[in-house]
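Right, one structure below, let's go through it.
Note: hydrogens, waters and symmetry copies are ignored here, and every other heavy atom, side chains too, is used.
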Number of protein chains: 2
Amino acid sequence: MSNRDYLGEFEHIVLLAVLRLDDQAYGVTVRREIEVRTKREVSIGAIYATLDRLEAKGYVQSRPGDPTPERGGRSKRFFRVTAPGVSAIHRTHRAIRSLAEGLDLLGSRL
Amino acid sequence: MSNRDYLGEFEHIVLLAVLRLDDQAYGVTVRREIEVRTKREVSIGAIYATLDRLEAKGYVQSRPGDPTPERGGRSKRFFRVTAPGVSAIHRTHRAIRSLAEGLDLLGSRL
DNA sequence: GTCAATTTCCTCTATATTGTAGAGGTAATG
DNA sequence: CATTACCTCTACAATATAGAGGAAATTGAC
């Protein structure tokens, strides 16, 4: 296993999406959330590969969902962010902020 | 060339360091700035490889520095962030903010 | 009931791009 | 020519990304 302390760029995005979706986070919704919020198109494969990596690191946890009464559909795999996952977000944000603060980034406030 | 629009995690860090160092950005100072601000150790090789990639993408530009009157020392290669580089930072920050805002990230304000 | 069509979601494989370290070479100065 | 400060190169590990295709669920025709 890696010893990396920081989230990769896409890992970061995906982790935030899972956090934001709360108990409705699974592959398809995570993808949609990212596309809607960032206007960035991502493949479903990219989502799951990243989710798997985040799970391997202990930053998210997954559980199988019960079938829903909708037409069709394989049962979902739900994800939630763990405490270490939240810490990783904080570390990453701190690193960025430490270098960005004070810079005149046109009101970017990040 | 790639079509990636977003900065990788380390590219992001390095680009911010160059921006912050203004006209004093070269390999050694970039490395030091990152280490001091983020408490993260990085090898000099990692710095230059990333700087080279950022230059290939047009996000930074380098120019050779004149020799200084200090004892020893090969002449420096100075870097500065280009306008597209600043845009890349903005895009990246916007993407993060769009997913982070509204979340209760314990006052993380990012 | 059961079978096939349909739907929604997930798994897997393969490749490109980034991240990372460190050995070793190069251009200065006194 | 010894010493110093900096940079280049190479090699490998981890992350990012796409997309084809398989799996599980529901519904309706028979």
Side-chain angles (χ1 to χ4, degrees), chain A residues 1-15 17 21 24-32 34-35 38 40-57 59-60 62-79 88 92 95, chain B residues 1-15 17 21 24-32 34-35 38 40-57 59-60 62-79 88 92 95:
Chain A
M1 174 149 50
S2 154
N3 226 30
R4 221 166 170 283
D5 241 12
Y6 299 90
L7 296 166
E9 186 270 335
F10 194 54
E11 289 180 330
H12 188 180
I13 293 295
V14 168
L15 202 51
L21 286 162
Q24 285 308 309
Y26 61 97
V28 172
T29 53
V30 169
R31 179 193 201 181
R32 187 164 48 224
I34 292 172
E35 294 195 336
T38 70
R40 166 184 187 175
E41 266 188 31
V42 289
S43 73
I44 190 66
I47 298 289
Y48 287 111
T50 301
L51 248 7
D52 286 346
R53 254 183 282 120
L54 288 171
E55 183 161 42
K57 294 182 186 176
Y59 293 162
V60 300
S62 71
R63 64 186 166 76
D66 295 323
T68 55
E70 292 154 27
R71 175 78 160 82
R74 176 178 180 172
S75 57
K76 304 169 172 58
R77 180 156 70 118
F78 285 104
F79 293 85
T92 299
Chain B
M1 173 146 53
S2 154
N3 227 30
R4 220 166 170 282
D5 243 9
Y6 298 91
L7 296 167
E9 185 270 334
F10 194 54
E11 289 181 328
H12 188 181
I13 293 295
V14 168
L15 202 51
L21 286 162
Q24 285 309 308
Y26 61 96
V28 172
T29 52
V30 169
R31 180 195 200 179
R32 188 166 45 227
I34 292 173
E35 295 196 335
T38 70
R40 165 184 186 175
E41 265 186 33
V42 289
S43 73
I44 189 65
I47 298 289
Y48 287 111
T50 301
L51 247 9
D52 286 346
R53 283 173 194 151
L54 288 171
E55 183 162 40
K57 293 182 186 177
Y59 292 162
V60 299
S62 70
R63 63 184 167 79
D66 295 325
T68 55
E70 292 155 26
R71 176 80 160 82
R74 178 179 182 169
S75 57
K76 304 169 172 58
R77 179 154 71 118
F78 285 104
F79 293 85
T92 300

- salt_bridge(B:Arg53, B:Glu11) N-O dist < 4.0 Å: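 Looking at B:Arg53 and B:Glu11, the cut-off is not met.
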- Message: Can you confirm whether the side chains of A:Ser62 and A:Glu55 place a donor and an acceptor under 3.5 Å from each other?
- Response: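 Side-chain D/A pair, A:Ser62 to A:Glu55: present.
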- Considering heavy-atom distances to DNA chain D, does B:Phe79 or A:Ile44 have its closest nucleotide positioned more toward the 5' end?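 Per heavy-atom nearest nucleotide, the more 5' residue is B:Phe79.
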What nucleotide among [options] has an atom nearest to a side-chain atom of [X]?
X       : options                : result
A:Glu11 : C:dT20, C:dA28, D:dA16 : D:dA16
B:Lys57 : C:dT18, C:dA21, D:dA25 : C:dT18
B:Ser43 : C:dT18, C:dA21, D:dC6  : C:dA21

Can you tell me how far [atom2] of [N] sits from [atom1] of [X], to the nearest Å?
X       : N      : atom1 : atom2 : result
B:Arg32 : D:dC6  : CZ    : C1'   : 12 Å
B:Arg53 : D:dT10 : CZ    : C1'   : 12 Å
B:Asp52 : D:dT10 : CG    : P     : 12 Å
A:Glu41 : D:dA18 : CD    : P     : 8 Å
A:Arg77 : D:dA23 : CZ    : C1'   : 14 Å
A:Leu51 : C:dC9  : CG    : P     : 14 Å
B:Phe10 : D:dA16 : CZ    : C1'   : 18 Å
A:Glu35 : D:dT17 : CD    : P     : 12 Å

[X] side chain N/O closer than 4.0 Å to the phosphate oxygens (OP1, OP2) of [N]?
X       : N      : value
A:Arg31 : C:dT8  : no
A:Lys76 : C:dT7  : no
B:Arg74 : C:dG25 : no
A:Arg4  : C:dA21 : no

- Query: Which part of the nucleic acid, if any, lies within contact of B:Gly45, taking any heavy atom under 4.0 Å across all strands shown: a base, the sugar-phosphate backbone alone, or nothing?
  - Reply: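 Touches a base.
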- If we only count heavy atoms from C-beta on, is the A:Phe78 to A:Val60 side-chain gap below 4.5 Å?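 Result no, sub-4.5 Å side-chain heavy-atom pair not found.
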- Query: In this structure, which one of A:Thr50, A:Leu54, A:Leu51, A:Val30 forms a side chain to side chain contact (heavy atoms under 4.5 Å, CB included) with A:Leu15?
  - Reply: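 When side chain to side chain contact (heavy atoms under 4.5 Å, CB included) is applied between A:Leu15 and each of A:Thr50, A:Leu54, A:Leu51, A:Val30, only A:Leu54 qualifies.
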- Item | A:Arg77 (side chain) donor-acceptor with A:Gly27 (main chain) under 3.5 angstrom |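 Not a single qualifying donor-acceptor pair exists.
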